[in-house]
Each structure stands twice: as C-alpha cells, then as structure tokens.
Amino acid sequence: MNGVTWYDKHPAFIVQAEEPFNGNAPLDFLCQEFVTSTDLFFCRNHGNVPVVDSNSYHLTVNGMVKTPLVLSLDELKARFPKVEIMATLQCAGNRRDELQNVAPIPNELPWGAGAISNAVWGGVRLRDVLIAAGIDRKAKHAAFSGLDAVTRLGKTFGFGGSIPAEKTLLPETLLAYEMNGQPLEPIHGFPLRTIVPGYIGARSVKWLSTITLQTEPSDNYFQQRAYKLFPPEVTPENVRWEDGIMLGENSLNTVICYPASGDRLPSGAVQVLGYAIGDGHNLVNAVEVSGDGKNWIGARFLTDNRDVWTWRLWEASLALPAGENEISARARDTAGNSQPQDTQEIWNFKGYSNNAWHRVKVQVKE
Ligand SMILES: Nc1nc2c(c(=O)[nH]1)N[C@H]1C(S)=C(S)[C@@H](COP(=O)(O)O)O[C@H]1N2
Ligand SMILES: [Mo]
C-alpha cells in the first residue's frame with residue numbers, strides 16, 4: 001500500500017477498506033488543522049463511488065410539496081443564494097473499536113477515533129429550495145436518496161436517510177456543491193450532497209438524487225436498520241428493528257489525539273491535544289484531562305468558533321510520573337451534559353455513538 005494514494009488522499013491517510021472505500025487521517029494529523037484539508041477528510045462509503053456527469057445531473061424534489069422540482073446543477077446555483085457553513089461531520093461509528101474491546105461487533109468497520117473531520121461547505125440552503133417547492137406543513141420528514149448502489153438483504157438501492165422537517169428549515173442545513181472552496185470531490189459526493197450540521201454523518205447524503213417530503217421517516221435500510229441505537233442486551237438474534245432509536249443528533253464527545261496509546265514519552269510535562277464535539281444543540285464549554293482518573297485539569301480551547309455543530313480543538317499540559325500512565329479526557333456542555341465514564345453501559349451491537357471518556361495508555365521514561 002505504501003506510495004499508493006487513493007482518491008487524491010494524503011499519503012498518510014489510513015485506508016480502512018478499499019472496496020467500498022473507507023478511511024481517515026491519523027489522529028495527530030487531524031488535531032493539527034481546525035479545518036481539515038480535503039485530502040485528510042475521512043471517507044465513509046457503503047457502496048460504489050458513482051461517476052456523475054454534472055451536465056446531465058438533476059435533483060428531484062417531490063412528495064408533499066405544491067410544485068415538484070427538477071433542477072440541474074446550474075439552475076440550483078442560479079436560483080438560490082450561495083452560502084458557506086463550517087460544519088464537522090462525525091460518523092456514528094466513530095470510536096467503534098473501543099466498543100469492540102467490550103464484546104465483538106462483527107461485520108462493522110473497526111473505526112478508531114478518526115471518523116470525524118471539519119470542512120467549510122458551500123451550497124444553497126435546503127430551506128430555500130423547499131420554500132420554492134411549497135413544502136406542505138403536514139410533511140414531517142425529508143427523505144434523501146443517493147445515486148450510489150448499495151446491496152443489503154438481497155436488494156440494491158441508493159444510500160438514503162431522512163431528517164425531521166424542522167431541521168430542513170433551519171438555516172444551517174445545506175445542499176452543498178463545494179467543500180473547502182472547491183467543487184465536491186467524487187468521493188465526497190460530487191456534484192451535490194446534503195450537509196446536516198449537528199447530525200450523524202449518515203444524514204449528509206452524497207451524490208444526492210432525490211428529496212421526498214413525507215409524513216414518515218425514510219424507509220431506506222440506513223434509516224430503518226443501520227444507524228439505530230439499541231440497549232446493550234439487544235443482539236442480532238433478538239433485535240426488533242422497530243424498537244431502535246433512529247440516530248439524529250451527534251452525542252457529546254471528546255478525544256485525545258496526541259499522545260497515542262503505546263507512545264513512550266520523555267519525562268516532564270506532556271502536551272495533550274484533542275478535539276471535542278457537541279450534541280448539535282449545546283456548545284462544549286469544558287474539557288478536562290487527567291493522568292490518574294482522580295485529579296482533573298481544564299484544557300484550553302485552541303479555536304474560537306462557537307457554532308454548536310463545529311468541533312473545538314483543545315490543549316492541556318499534564319505532569320506525569322515515570323512509568324505507565326493512563327490519560328483520560330471528558331467534556332461538558334453549556335446544558336451541563338457530561339459523557340458516560342465507561343464503554344460497558346453504552347455498548348450496542350451495531351457499535352454506534354461511543355462517547356465514553358477517552359483514554360490512552362502511555363509510558364513515561366525515567
Ligand atoms: N450516498 C451516500 N451518502 C453517504 C454515505 C454513503 O455510503 N452513500 N455514507 C454516509 C455516512 S455513514 C457518513 S459518516 C458520511 C461520510 O461523509 P464523507 O465520506 O464525505 O466523510 O457520508 C454519508 N453519506
Ligand atoms: Mo457514518
């Protein structure tokens with residue numbers, strides 16, 4: 001694999017799977033940039049990367065609207081004002097590997113803590129498009145469908161999912177055609193994707209083909225089966241899919257990006273670096289770090305952005321004794337929410353939403 005770069009990704013990019021293509025930046029790269037460079041932005045795909053011709057491409061808006069729309073990319077750009085929003089995408093499977101240490105989670109990617117990245121998205125407000133189509137106030141959900149081909153349960157279909165109608169009308173929810181000032185890369189959804197700030201990455205549907213306004217959530221596999229949360233006692237054998245919670249907003253999370261587990265560090269103060277992300281409604285306003293699980297110190301935020309859907313990078317300096325040390329990090333938000341201490345209580349058989357305190361074990365030299 002050395003020397004091979006996939007989809008114009010950085011040589012340091014860690015490829016989790018080649019087909020479908022999944023990968024992320026090393027954590028020490030990730031925490032160095034507030035806005036992640038596109039070549040380090042994580043990729044999460046469930047099917048192929050479709051090659052879409054932007055000249056013949058069109059977006060369909062249908063369902064509970066007065067005037068269904070079929071828009072080319074040029075029409076979309078000409079009819080609606082362009083806006084830019086900075087938003088962090090996090091896959092609900094971020095940090096699954098720690099849940100897999102509690103009990104096996106077969107057939108799911110063993111994501112570390114790198115399935116998250118931050119970008120500036122350019123596009124039009126979904127709200128503007130839905131107002132132009134005349135959204136019916138009885139519509140409760142907007143269902144999105146992509147042009148890729150995913151096979152599940154013997155059927156092949158485009159990846160899809162939905163968000164509540166209220167979220168479609170908020171100014172941050174976009175139909176994005178640009179990422180970090182450039183047209184979307186094919187791997188990130190060219191020519192158009194949804195960006196749903198504050199929500200799990202799965203609702204930011206790439207290669208967007210259709211938006212359908214309806215009374216119920218999407219019937220797509222990725223809304224009805226995958227990306228649902230179950231209690232720890234539920235297994236693939238006894239699951240009743242309709243009982244799961246459809247994931248929407250992110251959960252409050254923080255991760256130590258540097259040092260990494262297994263690092264051998266010189267004696268003296270250790271600089272600890274990481275990211276924190278809120279639940280989509282409340283701002284993360286405290287990150288605490290500990291070397292012994294008892295004494296905690298406050299981290300310093302390195303970034304000023306206070307949008308609730310944008311991550312915050314932080315730094316702390318920790319004095320550690322020689323020998324093995326476990327560094328822990330935890331965050332709180334302006335509503336007083338905190339994170340669960342351990343992975344056991346939040347383990348779930350699909351491996352989603354791990355937001356337990358993050359821990360790394362390091363060796364400090366004499
Ligand atoms: N059409 C389509 N959209 C998709 C996906 C996909 O497989 N197909 N994956 C989703 C998931 S689970 C995540 S976390 C984000 C990842 O976006 P990225 O690959 O641009 O980082 O895209 C979402 N949109
Ligand atoms: Mo995801």
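Whatever order the structure lists them in is the order used to number ligands and atoms, beginning at 1. Quick note: numbers below take in every heavy atom, side chains included, and nothing from hydrogens, waters or symmetry partners. Worth saying up front: this structure is predicted, and the values here are computed from it rather than measured.
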Please report which non-hydrogen protein atom sits nearest to atom 24 (N) of ligand 1, along with the residue it belongs to and the distance in Å to one decimal place. Ser204 O, 2.9 Å

Answer yes when Lys361 and Glu324 have at least one side-chain N-carboxylate O distance shorter than 4.0 Å, and no when they do not. no

Given that the side chain starts at C-beta and the backbone is N, CA, C, O, which of these parts of Ala115 lies under 4.0 Å from ligand 1, counting heavy atoms, or is it both or neither? neither

Atom 21 (O) of ligand 1 has as its nearest protein heavy atom Phe42 O, 2.6 Å

Could you tell me whether Arg125 and Glu172 make a salt bridge, using a distance below 4.0 angstrom between a side-chain N and a carboxylate O? no

How close does the nearest protein non-hydrogen atom get to atom 19 (O) of ligand 1, and which residue and atom is it? Lys206 NZ, 2.5 Å

With heavy atoms only and a cut-off of under 4.0 Å, state how Phe222 meets ligand 1: side chain, backbone, both or neither. neither

Looking at Arg193, Arg44, Gln90, the heavy atom closest to atom 5 (C) of ligand 1 belongs to Arg44

Would you say Tyr227 and ligand 1 have an N/O pair spaced under 3.5 Å apart? no

Can a salt bridge be assigned to the pair Glu166 and Lys140 using a cut-off of 4.0 Å between side-chain N and carboxylate O? no

Does anything in residues 263-282 pair up under ring pair (Phe, Tyr, Trp, His ring centres under 6.0 Å), and if so which pairs, sequence neighbours excluded? Tyr275-Trp311

Once salt bridge (Lys or Arg N to Asp or Glu O under 4.0 Å) is applied, do any residues pair with Arg79, and if so which ones, sequence neighbours excluded? none

Salt bridge flag under 4.0 Å for residues Arg359 and Asp342: yes

